[in-house]
Amino acid sequence: MPHELPKAYDPSAIEARWAEYWVKEGLFEVPSSKIPTLGKTGQGWGTPVFCMQLPPPNVTGRLHMGHMLNHTQMDIMARWHRMRGFVTEWLPGTDHAGIATQMMVERQLASEGKQRRQMGREAFVERVWEWKRHYGGAIVEQMKRIGDTVDWSREYFTMDENLSRAVREVFVRLYEEGLIYRGKYIVNWCPGCLTAISDLEVVHEETPGKLYEIKYPVIGSNEFITVATTRPETMLGDTAVAVNPRDARYAHLHGKRVMLPLMEREIPIILDELAQPEFGTGAVKVTPAHDPNDFQAGLRHNLPQIDIMDETAHMNQNAGAYAGLDRFAARERVVADLRERGLLAAVKDYVVPVGKCDRSKDIVEPRLSTQWFMAMTKEGRNGEPSLAARGREVVARGEVRFTPENYKTIYLHWMENIHDWCISRQLWWGHRIPAWYCAAHQHITVARETPAKCATCGSTDLTQESDVLDTWFSSGLLPFTSLGWPEKTRDQEIFYPSTLLITAYEILFFWVARMIMFGCHFMRDHKQDAAIKQASGFADRGDDSVPFREVYIHALVRDAERQKMSKTKGNVIDPIEIIGKYGTDATRFTLAAMASPGTDIAFNPARTEGYRAFANKIWNAARFIFMNMDRGPRNTPTLGNSGQGWGTPETLEDRWILSRFHRTARELNEALESYRFDEAAHRVYTFFWGDFCDWYIELSKLRLNAREPEVALAALAILTHVFDGALRMLSPFMPFITEELWHALYGGKPELKSIALAAFPEHDDALISESLETEMSVLQDLIVSVRQMRHDLKIEPKVSVPIRVFADDAVRRLIEGNREAVERLANVSGITFVDSELSKVASARHTARFDVVVEYEKKVDTAAERARLEKDLAKMETELANARRQLANEQFLAKAPEKVVEGLRRRAGELAVLIEKAQTALQALA
RNA sequence: GGGCGGUUAGCUCAGCUGGUUAGAGCGCCUCCCUUACAAGGAGGAGGCCGCAGGUUCGAGUCCUGCACCGCCCACCA
């Protein structure tokens, strides 16, 4: 009566309801009031803690397949730990995403015919806030919809006041420690975004291009020196030509000067290792303002830096006649002019590595500019290791562990070759750098709050730095700032370091590496409570300053053809669409099942369709159980959280399914412990469908239909219990359907608010039995053999037929004890045991444990039967020959483990018998 | 220029420290609307584990080389 479920599972009918329920009930919030104060007694708090930081999605973001995978894995981990009794804190938030958001709002403005610069900074920033309030919650809503069990009570935004204060605190401290500095260097400049960007934001592409050889006239001779370049337009800013001091070809030109063509400027020939004799002509033009290597060379030789471009990469006054031209137009003109003057020695095809802006795809311009940097390799004032050194150490030592392990090498390699980080951005949206300049001297005052006067000269005429910080600066701080830093909060005591970070490879350096560096620096005095650390399973990890102990890098999701998804290719699979079609559970299960380590995921909706069928299977198994509950007496056993209260297993199938269940629980937990989502999903899938539905439910029907109510009730009790456990196992993977069915099962009990708060199944070794499972497999073999014969003999499915069986006493007792099961599942009308082998009977089946034949007058298809036997025979003979060869090998007998030898002997014995039977049967057929 | 990953059934992928008969899903073939489920049930076909060597009693698994895909990193013109 209460269990009215529709025949087919319809995810859309239940998912939104539970998504809302979970949020409304605040089921996954960990209120501070529930966290005990630590440390007073030295006793600590022995509860295991599981904490995870969400890679904060951009406010401009919408859920894509990568998120879906990432969130599925995180949610599985969160739910699994929570159900295992961990205090589980999964911290959600969103990222202000400087450039992305600013660009989005600028585009919106453009459609209204407005421009950011006309509006002014203040009005623009206000407009972005407005946009954020309006549209910034989209992805958060999507997270709620897919069932992420994050703690919404702790949700943050990276530009919240408290987080912004923390950002300033960090900036000031690092500046005071000399680890943040300001200076004029060559940076990566994006002429589209009009800002500097970091090395990481530059994507390198090998592009077919040209290598130009240009002749520079040597002053005081008729000679030319020829330089090679891929960027001829930059010659307008040349301030030297370099040759290698060891290069004999140019020895006679040492100390001479050349006339820079087009600009008619005299520049020196310098000697520098920059010029490599093997490359090109061995002479290289030096443009200190437009090339990082030339910049360094310029410093070495005290060369002037002539900046010939403006911020939009157009030539400026310094480019003389070329002023006003865009850099590519300038290139054409320069080349044409050189050719006209006969100064272009050669133009060769050449593959040029072009750096493009990650965001706008504009070609990045190396540009001389004053920016703020963070020193990566500089030691502390008292000789403390540099940020990079610390960040490297903790990973090298295994204080932070990567899965899959090969990312450790990649990370270490990157850390060892790291460069200073350009942290300033010429944007308006972001954390404004807390530095002020006095009008009179441009002295810098760095302060937490707006200072009243210049720290150096006391001037009160101060202007704040207009640049903002790289977005990754603030997100790199999240592991501690999201827990209330710089205050020493209880949250921090309990939840720092977080347990696990699950993220994409793409942001390993952008985010993960920075979090490690920041964390180790600012939390260096942090000690995690020993009892919590122990209970959480990290007693062996020394360093508590790390932001997290484990990092799991998930795969890339591609389309079904293994192509990288991209908007331009138009092959983007929208998870929301997939969810609409197959349900969230099926989508989640697909991603979990396909997440094998080391490979990208080729997302194929056909697979999701299969898992929708799985959900339907679960649904209908529930309907079957409910149907029986409704039929029988209403005193179903009390289950729920206790894990107690079901009847005593009496029958073989009961003990078998419990063995399978506990084995599955064991394997499932082991798989999840090593982040094998694919294996975990596979285990629970085959258990539920293969063991529980295909065999156990079918077997249970015998007893459920029994006359005696006690028998039916006992069967129902165990059936329900195993189903209850299976639901819990499935719950982290398929939260919606399991929640629905859980409530259908226990509805109305207020203490059972959610399956997500129930206990996850833990295995009991005492209930796992190898011999029991072997016994069951004999019965299964028998049933399958009979079904095969029925099929081969084309016996009508509805017709029951008697069978004859030959077996030893033990197997015979087993079959007799489960006679009804065999009769029902193989549609057999009676079992007769015989005392001699059945090999002479046409169509009989032989296994190592029994021979079986169906009694049926219909004619045997002799040809087909012979073909089958011959094929089997051939296979067995090869196998036996191999086995005998090995068993005759003394080396094998001496060196292989006893178990292997024994196993092979047994197998060889079986084969010999089976071959003999097959041969007899073949003769009988003839 | 450096580094990394992949190659197993028609397709997409498992196969954990080398060990008896290489697995799954989808697809395919045959039968069945059997009182939970046709998004289902039952049965079946299909694999010199990329190529060539080597180590070993034993190799899909370890080593070397090759081929073909793919990815990442990189301030040398």
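Here is how names work: the chains are called A, B, and so on, in the same order as the sequence lines, proteins then strands, and each is numbered from 1.
Between A:K617 and B:rG41 there is a side-chain N or O to OP1 or OP2 distance below 4.0 Å. Distances shown here put a side-chain N or O of A:W689 below 4.0 Å from the OP1 or OP2 atom of B:rG41. Residue A:K701 places at least one side-chain N or O closer than 4.0 Å to OP1 or OP2 of B:rA36. Taking only side-chain nitrogens and oxygens, A:K7 comes nearer than 4.0 Å to OP1 or OP2 of B:rA38. For B:rG15, one of the phosphate oxygens OP1 or OP2 lies less than 4.0 angstrom from a side-chain nitrogen or oxygen of A:R676. Between A:R607 and the phosphate of B:rG25, there is no side-chain N or O to OP1/OP2 separation shorter than 4.0 Å. Taking 4.0 angstrom as the limit, A:H204 places none of its side-chain polar atoms (N or O) nearer than this to OP1 or OP2 of B:rC72.
The partner of B:rC48 cannot be assigned: no Watson-Crick or G-U wobble pair with both contacts below 3.5 Å exists in any strand. When both pairing distances are held under 3.5 Å, B:rU21 makes no Watson-Crick or G-U pair with any nucleotide shown. Nucleotide B:rG60 has no partner under the Watson-Crick or G-U criteria, as no pair reaches both atom distances under 3.5 Å. Within the shown strands, nothing qualifies as a pairing partner of B:rA9 under the Watson-Crick or G-U definition with both distances less than 3.5 Å.
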- Message: Between A:D792 and A:R790, does the salt bridge (Lys or Arg N to Asp or Glu O under 4.0 Å) criterion hold? Intermediate values first, please.
- Response: CA-CA 6 Å; A:D792 290 353; A:R790 294 181 56 106; over 6 Å; no
- Task: Test ring-ring contact (aromatic ring centres under 6.0 Å, His included) on A:Y611 and A:F589 and set out the steps.
- Result: CA-CA 7 Å; A:Y611 291 122; A:F589 208 88; 4.9 Å; yes
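Between the side chains of A:S369 and A:Q371, at least one donor-acceptor pair of N or O atoms lies under 3.5 Å.
Ion pairing between A:D272 and A:R300 holds under the 4.0 Å rule for side-chain N and carboxylate O. Using a cut-off of 4.0 Å between Lys/Arg side-chain N and Asp/Glu carboxylate O, A:K899 and A:E902 are scored as not salt-bridged. Under 4.0 Å is where a charged nitrogen must lie from a carboxylate oxygen, and between A:E273 and A:R246 at least one such pair does.
Rounded to whole Å, the P atom of B:rU12 lies 15 Å from the corresponding atom of B:rG50. Rounded to a whole angstrom, the distance from the C1' atom of B:rC71 to that of B:rA36 is 47 Å. Using C1' as the reference atom, B:rG10 and B:rA45 are 12 Å apart when rounded to the nearest Å. Taking atom P on both B:rG46 and B:rA9, the two are 15 Å apart, rounded to the nearest angstrom. Between B:rC51 and B:rC32, the two C1' atoms lie 46 Å apart (nearest whole Å).
Between the side chain of A:H413 and the base of B:rC73, no donor-acceptor pair of N or O atoms lies under 3.5 Å. Applying the 3.5 Å distance criterion, the base of B:rU20 shares no donor-acceptor pair with the side chain of A:R905. Counting atom types as modelled, A:E698 pairs no side-chain N or O with a base atom of B:rA42 as donor and acceptor under 3.5 Å.
Rounded to whole angstrom, the span from the CZ atom of A:R612 across to the P atom of B:rG25 amounts to 18 Å. In this structure, CH2 of A:W414 is placed 19 Å from P of B:rC4, rounded to the nearest angstrom. Taking atom CG of residue A:D294 and atom C1' of nucleotide B:rC75, one finds them 10 Å apart after rounding to whole Å. Atom CG of A:N705 and atom P of B:rU35 are 12 Å apart (whole Å).
Under the 6.0 Å distance and 45° angle rule, A:K617 does not count as a cation-pi partner of A:F692.
Among the nucleotides B:rG40, B:rC32, B:rC37, the one closest to the side chain of A:A613 is B:rG40. For A:D678, whose side chain is taken as the heavy atoms from C-beta onward, the closest listed nucleotide among B:rC26, B:rC57, B:rA14 is B:rA14. Of the candidates B:rC76, B:rG41, B:rC73, B:rG41 carries the atom nearest the A:D694 side chain, counting heavy atoms from C-beta on. Comparing B:rC57, B:rU12, B:rA74 against the side chain of A:E206 picks out B:rA74 as the nearest. Out of B:rA36, B:rG46, B:rA14, the shortest distance to the side chain of A:K871 is found at B:rG46. Closest contact between the side chain of A:N889 and the listed nucleotides B:rC75, B:rG43, B:rC57 involves B:rC57.
A:E213 comes within 4.0 angstrom of no nucleic acid atom, judged by non-hydrogen atoms across all strands.
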